[in-house]
Colleague: 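Sharing a structure here in structure tokens format.
Just so it is clear, the values below take in all heavy atoms, side chains as well, and ignore hydrogens, waters and symmetry mates. Ligands are counted one by one from 1 in listed order, and the atoms in each one are counted from 1 as well.
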Amino acid sequence: ENNFPEDFKFGWSQSGFQSEMGYDNAMDDKSDWYVWVHDKENIQSGLVSGDMPENGPGYWNNYKSFHEAAQNMGLKMARIGVEWSRLFPEPFPEKIMADAKNNSLEINNNILSELDKYVNKDALNHYIEIFNDIKNRNIDLIINMYHWPLPVWLSDPVSVRKGIKTERSGWLNDRIVQLFALFSSYIVYKMEDLAVAFSTMNEPNVVYGNGFINIKSGFPPSYLSSEFASKVKNNILKAHSLAYDSMKKITDKPVGIIYANTYFTPLDPEKDNDAIAKADSDAKWSFFDPLIKGDKSLGINGNKLDWIGINYYTRTMLRKDGDGYISLKGYGHSGSPNTVTNDKRPTSDIGWEFYPEGLEYVIMNYWNRYKLPMYVTENGIADNGDYQRPYYLVSHIASVLRAINKGANVKGYLHWSLVDNYEWALGFSPKFGLIGYDENKKLYWRPSALVYKEIATKNCISPELKHLDSIPPINGLRK
Ligand SMILES: OC[C@@H]1[C@@H](O)[C@H](O)[C@@H](O)c2[nH]c(CCc3ccccc3)c[n+]21
């Protein structure tokens, strides 16, 4: 079958912290990530770029130009993140904090209406205005509750980095389980009619993986501790589970979670194959089995997911190492920028390897294991020249279609991202946008935006574009 299903949605994904700021009145300086990227020691040590998110594309103000571009491109779905720190720049009331601390918080209608007194009304009304504009353009919205920043009254990452004991230790402090569920329920309580689906979190695995294991990633708190990493993982699993239950009391709409995925490949298929299964269970099933099948030790009784968001960019090359495995540099996320890997695959502006076939296999892995509906919620490339993106776009969308034709229930493909934005510790240099913006924040389309428009409006990869479902020609441009 060449056509995507009738109700399949092509769209884009976006997060608050990376895209909202850009004008003085769009400032949100009450989040841990804001503090983190302004921290002098983080900048001096090179842990973060020194770029400032307040110089971003300013979605908070010019969201209409983003939405106009998306509508013009024929896009029918957006996954947008809300920022806890914007909505609640000041702490929740004492009583709520105390109840959450001893895990005795009752999330019900009167506590939700109580929060009306503490929410930043301007921020709340502005998010509702933005989401109404999306709805009025017949674009379906998935609201995501958490995409890495936490309010500063919950998280002081510089103290954690320094090993200074603090109550504001973010996901390390058990109280966050109930506080996150309360926050997520409040968003549904106020915005239920504006979304077709909800996600609790974006890439929880990156939060503990980059925060406490790959501490050179520049993610807060950059504190090496596998014990802390698993503590955060467990609190996040509990928080999602409680949030799911509380949200489902207020809405029948599907509630899912969005996860960072890679396709594990063996360096030597003869020798390294059982490392793949172990890596898959460590990286994926150890997170999803508790939520879907239940986990007594975590007090989760299963069925806490209506859909799964698949984020995919590239593969990871593994080699067996004892009864474990190691991932190899030079491939996948750890290639060198703008060159060619040993597998003759081009790499992006930030060194990520071109590996579209992995997306089909990752989708099939999840489908065969859980039979849950999926969205591809992120896929894209840092490619300022738009040299590879036409090929990247078509070959990954073709990979999704192969999975659909094998029976997987994939309901949409959301590209990362519509417009260039703030790439965390790397700042503004990686250009993931189909669209860029100039010094006056005026949007300009890269050629791939027209390729995506063609696919989205025709709901298929038209014959004229089929040739792009291939590895881009590696010519003189590459060293
Ligand atoms: O790096 C591009 C995007 C980010 O801008 C999104 O906020 C984030 O959801 C996201 N995840 C991934 C794949 C996993 C990853 C996360 C962080 C750093 C490197 C890889 C790529 N991306």
Side-chain angles (χ1 to χ4, degrees), residues 11-21 31 33 36-37 47-49 51 53 56-57 59 78-83 142 144-150 199-220 222 229 236 256-264 283-284 287 308-316 327 329 331-335 337 347-355 358-359 362 375-384 388-389 392-393 396 414-435:
W12 84 102
S13 280
Q14 194 175 291
S15 88
F17 182 78
Q18 296 177 268
S19 292
E20 289 170 354
M21 288 186 265
S31 78
W33 260 97
W36 185 256
V37 296
L47 203 57
V48 297
S49 67
D51 289 355
Y59 177 72
R79 180 268 288 206
I80 309 278
V82 292
E83 291 298 341
I142 298 177
N144 176 55
M145 307 304 175
Y146 174 66
H147 197 129
W148 303 353
L150 289 172
S199 159
T200 54
M201 305 186 191
N202 178 82
E203 301 195 338
N205 48 329
V206 171
V207 173
Y208 47 85
N210 280 2
F212 298 93
I213 309 288
N214 325 316
I215 60 169
K216 302 240 177 316
S217 62
F219 280 52
S222 185
I236 279 182
I257 200 165
I258 296 166
Y259 201 75
N261 293 284
T262 184
Y263 176 59
F264 293 110
K284 299 178 179 110
F287 189 90
I308 298 173
I310 307 282
N311 291 0
Y312 174 87
Y313 288 83
T314 184
R315 56 101 173 250
T316 298
S327 72
K329 290 210 168 311
Y331 302 94
H333 279 114
S334 59
T347 60
S348 74
D349 291 348
I350 57 173
W352 297 4
E353 188 179 24
F354 188 98
Y355 207 91
L359 179 50
V362 166
Y375 287 94
V376 174
T377 33
E378 279 182 35
N379 175 246
I381 180 173
D383 182 6
N384 188 28
Q388 291 183 52
R389 191 179 281 105
Y392 189 95
L393 199 54
H396 284 84
L414 309 181
H415 192 74
W416 185 273
S417 183
L418 186 72
V419 178
D420 290 342
N421 57 78
Y422 189 78
E423 181 54 30
W424 307 108
L426 300 180
F428 290 113
S429 55
K431 309 293 184 196
F432 274 95
L434 291 158
I435 295 174

Colleague: Hey, is the main chain of Phe264 close enough, under 3.5 Å, to the side chain of Thr316 for a donor-acceptor pair?
Modeller: no

Colleague: Under a 4.0 angstrom heavy-atom cut-off, which atoms of ligand 1 come close to His147?
Modeller: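 In order of number, 6 (C), 7 (O), 8 (C), 9 (O).
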
Colleague: Please state whether the rings of Tyr313 and His333 are parallel, tilted or perpendicular, taking 30° and 60° as the class boundaries.
Modeller: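 Because their plane-to-plane angle lies in the 30° to 60° range, the rings of Tyr313 and His333 count as tilted.
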
Colleague: Look at atom 4 (C) of ligand 1 and say which protein heavy atom is nearest, naming residue and atom and giving the distance to 0.1 Å.
Modeller: Glu423 OE1, 3.6 Å

Colleague: Using a strict 4.0 Å cut-off to heavy atoms of Asn202, name the atoms of ligand 1 that fall inside it.
Modeller: 9 (O)

Colleague: Between Phe287 and Tyr259, what is the ring plane arrangement, given parallel below 30°, perpendicular above 60°, and tilted in between?
Modeller: tilted

Colleague: Please state which protein non-hydrogen atom is closest to atom 11 (N) of ligand 1 and give its distance, to 0.1 Å?
Modeller: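 Result: Glu203 OE1, 2.6 Å.
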
Colleague: Going by the closest heavy atom to atom 18 (C) of ligand 1, which one wins out of Asn210, Asn214, Thr314, Asn144?
Modeller: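 Ranked by closest heavy atom to atom 18 (C) of ligand 1, first place is Asn210.
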
Colleague: Looking only at distances, can you tell me whether any N or O atom of His333, backbone or side chain, sits closer than 3.5 Å to an N or O atom of ligand 1?
Modeller: no

Colleague: Do me a favour and list the nearest non-hydrogen protein atom to atom 21 (C) of ligand 1 with residue, atom name and distance?
Modeller: Tyr313 CE1, 3.1 Å

Colleague: Could you list the donor-acceptor pairs under 3.5 angstrom formed by side chains in residues 206-220, with sequence neighbours left out?
Modeller:
residue: Asn210; atom: OD1; partner: Asn214; partner atom: ND2; Å: 2.8
residue: Ser217; atom: OG; partner: Asn210; partner atom: O; Å: 3.1
residue: Ser217; atom: OG; partner: Asn214; partner atom: O; Å: 2.8
residue: Ser217; atom: OG; partner: Phe219; partner atom: N; Å: 3.4

Colleague: Ignoring hydrogens and angles, state whether a donor on the side chain of Asn202 or Asn311 is under 3.5 Å from an acceptor on the partner side chain.
Modeller: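 Their side chains do contain a donor-acceptor pair, which is all the 3.5 Å distance test asks for.
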
Colleague: Please check if the side chain of Ser19 supplies one atom and the backbone of Gly16 the other of a donor-acceptor pair under 3.5 Å.
Modeller: no

Colleague: With a cut-off of 4.0 Å, which atoms of ligand 1 are near a heavy atom of Phe432?
Modeller: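 Listed by number with element: 1 (O), 2 (C).
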
Colleague: Would Asn421 count as being in polar contact with ligand 1, using the rule that some N or O on each side must be under 3.5 angstrom apart?
Modeller: no

Colleague: With a 3.5 Å distance limit and no angle check, can you tell me whether Asn261 reaches the backbone of Ile310 through a side-chain donor-acceptor pair?
Modeller: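 The answer is no, because no donor-acceptor pair under 3.5 Å joins these two groups.
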
Colleague: Give me the residue, atom name and distance of the protein heavy atom closest to atom 8 (C) of ligand 1.
Modeller: Glu378 OE1, 3.3 Å

Colleague: Please determine if Trp352 has a nitrogen or oxygen closer than 3.5 Å to a nitrogen or oxygen of ligand 1.
Modeller: no

Colleague: Any chance you could lay out the side chain to side chain contact (heavy atoms under 4.5 Å, CB included) test for Asn421 and Tyr59, step after step, and finish with the verdict?
Modeller: CA-CA 10 Å; Asn421 57 78; Tyr59 177 72; over 6 Å; no

Colleague: Within less than 4.0 angstrom of ligand 1, does Tyr312 place any heavy atom?
Modeller: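 For ligand 1, residue contact (heavy atoms, under 4.0 Å) with Tyr312 is absent.
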
